[in-house]
Amino acid sequence: MVAWSEQERSIIANLFSNLDYEDVGAKALTRCLIVYPWTQRYFGGFGNLYNAEAIKMNPNIAAHGVKILHGLDRALKNMDNIKETYAELSVLHSEKLHVDPDNFKLLSDVLTIVIAAKLGTDFTPEVQATFQKFLAVVVSALGKQYQ
Ligand code: ZNH
């Protein structure tokens with residue numbers, strides 16, 4: 001089990017309570033699809049992904065980015081049990097969606113960049129380290145049911 005200090009817990013709680021899910025969720029998934037174009041393959045049914053502008057304007061992508069970001073609320077609310085919390089979503093991504101688990105890491109990296117850009121100097125080294133630890137635990141949990 002992953003241990004969290006009181007300071008880490010308060011950093012994560014604070015970060016999420018100030019998070020603009022609509023903006024950050026849309027930007028993170030959009031950026032992921034532009035920077036790592038092979039991730040577009042999972043979103044064939046989402047409409048026009050023809051170029052960066054089209055991806056940025058695509059409402060289905062924006063909405064799905066927000067949904068994914070809200071998917072992180074589960075980890076926030078179950079900090080001491082992240083692995084079990086994502087068991088079902090891990091099965092879904094593995095067996096039904098066939099999402100390559102490497103993509104979880106790619107998305108978590110772009111998410112970190114988007115949040116860093118928004119927070120500016122508030123994104124201190126402590127906040128960065130804690131957020132990346134949090135995301136690493138989520139990424140690992142989401143990859144758990146892959147065989
Ligand atoms: Zn995912 C879906 C979460 C990543 C792809 N996702 C989903 C959902 C959720 C999530 C919650 C919904 C489910 C239901 O409905 O039940 N994701 C998530 C998270 C993460 C993710 C948390 C991380 C962090 N995903 C991801 C990635 C990708 C994806 C990276 C690729 C690239 N997902 C996906 C898809 C889907 C999902 C494709 C389905 C969609 C539809 O609707 O169709």
Side-chain angles (χ1 to χ4, degrees), residues 1-4 8-119 122-123 126-147:
M1 203 187 85
V2 181
W4 300 97
E8 287 173 328
R9 287 176 197 274
S10 81
I11 285 174
I12 294 296
N14 192 40
L15 196 147
F16 277 93
S17 70
N18 291 305
L19 194 60
D20 181 346
Y21 283 81
E22 304 289 321
D23 186 46
V24 171
K27 280 185 181 152
L29 184 58
T30 299
R31 189 175 185 127
C32 184
L33 296 175
I34 294 170
V35 180
Y36 309 111
W38 58 91
T39 60
Q40 293 169 18
R41 62 177 298 183
Y42 306 106
F43 302 99
F46 278 55
N48 187 357
L49 305 177
Y50 188 66
N51 56 27
E53 276 320 302
I55 292 170
K56 284 185 199 163
M57 301 287 289
N58 186 313
N60 297 322
I61 294 298
H64 193 63
V66 178
K67 188 187 270 184
I68 288 182
L69 199 52
H70 276 296
L72 293 180
D73 294 346
R74 305 176 192 197
L76 171 70
K77 294 183 185 125
N78 299 280
M79 293 270 286
D80 296 310
N81 198 15
I82 291 181
K83 197 169 124 186
E84 282 73 26
T85 302
Y86 285 101
E88 204 178 306
L89 265 183
S90 179
V91 172
L92 179 81
H93 283 81
S94 162
E95 290 173 17
K96 191 154 166 245
L97 302 171
H98 305 291
V99 172
D100 183 327
D102 288 352
N103 293 318
F104 302 140
K105 171 86 170 103
L106 299 180
L107 182 66
S108 78
D109 287 347
V110 292
L111 176 59
T112 304
I113 292 167
V114 171
I115 288 181
K118 269 191 97 89
L119 292 188
D122 287 341
F123 199 69
E126 287 79 16
V127 173
Q128 178 180 347
T130 306
F131 189 55
Q132 289 193 240
K133 173 179 168 181
F134 177 83
L135 290 177
V137 178
V138 171
V139 165
S140 157
L142 278 173
K144 272 279 164 359
Q145 304 299 322
Y146 283 75
Q147 286 166 351

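Start at 1 and go down the list; that is how both ligands and their atoms are numbered.
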Can you sort out which atoms of ligand 1 are near V99, meaning under 4.0 Å from one of its heavy atoms? 5 (C), 28 (C), 31 (C)

L92 neighbourhood, listing ligand 1 atoms whose heavy-atom distance to it stays under 4.0 Å: 13 (C)

Examine the proximity of ligand 1 to [X] and report which part, side chain or backbone, both or neither, has a heavy atom under 4.0 Å away.
X: I68; answer: both
X: L135; answer: neither
X: L142; answer: side chain
X: N103; answer: both

Is the shortest distance from a Lys or Arg side-chain nitrogen in R9 or D80 to a carboxylate oxygen in the other one below 4.0 Å? yes

Hey, could you give me the [atom1]/[atom2] distance between [X] and [Y], rounded to the nearest 0.5 Å?
X: I55; Y: F43; atom1: CD1; atom2: CZ; value: 10.5 Å
X: K118; Y: N18; atom1: NZ; atom2: CG; value: 11.0 Å
X: K67; Y: L29; atom1: NZ; atom2: CG; value: 11.5 Å
X: D102; Y: Y36; atom1: CG; atom2: OH; value: 11.5 Å
X: L111; Y: F131; atom1: CG; atom2: CZ; value: 4.0 Å

Over all atoms of both residues, closest heavy-atom pair of Q145 and S94: O-OG, 4.0 Å

Can you say whether the rings of F16 and Y21 are parallel (under 30°), tilted (30 to 60°) or perpendicular (over 60°)? tilted

List the closest protein heavy-atom neighbour of [atom]: residue, atom name, distance to the nearest 0.1 Å.
atom: atom 41 (C) of ligand 1; value: F46 CZ, 4.0 Å
atom: atom 32 (C) of ligand 1; value: Y42 CD1, 3.6 Å
atom: atom 2 (C) of ligand 1; value: H64 CE1, 3.4 Å
atom: atom 36 (C) of ligand 1; value: L97 CD1, 3.4 Å

For atom 1 (Zn) of ligand 1, does an N/O/S atom of H93 lie at less than 2.8 Å? yes

Judged by heavy atoms only, the candidate from Q40, H70, K67 nearest atom 12 (C) of ligand 1 is K67

Pick from L89, T39, L72: the one approaching atom 9 (C) of ligand 1 most closely through a non-hydrogen atom: L89

Any nitrogen or oxygen of R74, side chain or backbone, less than 3.5 Å from one on ligand 1? no

Candidates N103, L107, D109 - the one meeting side chain to side chain contact (heavy atoms under 4.5 Å, CB included) with K105: D109

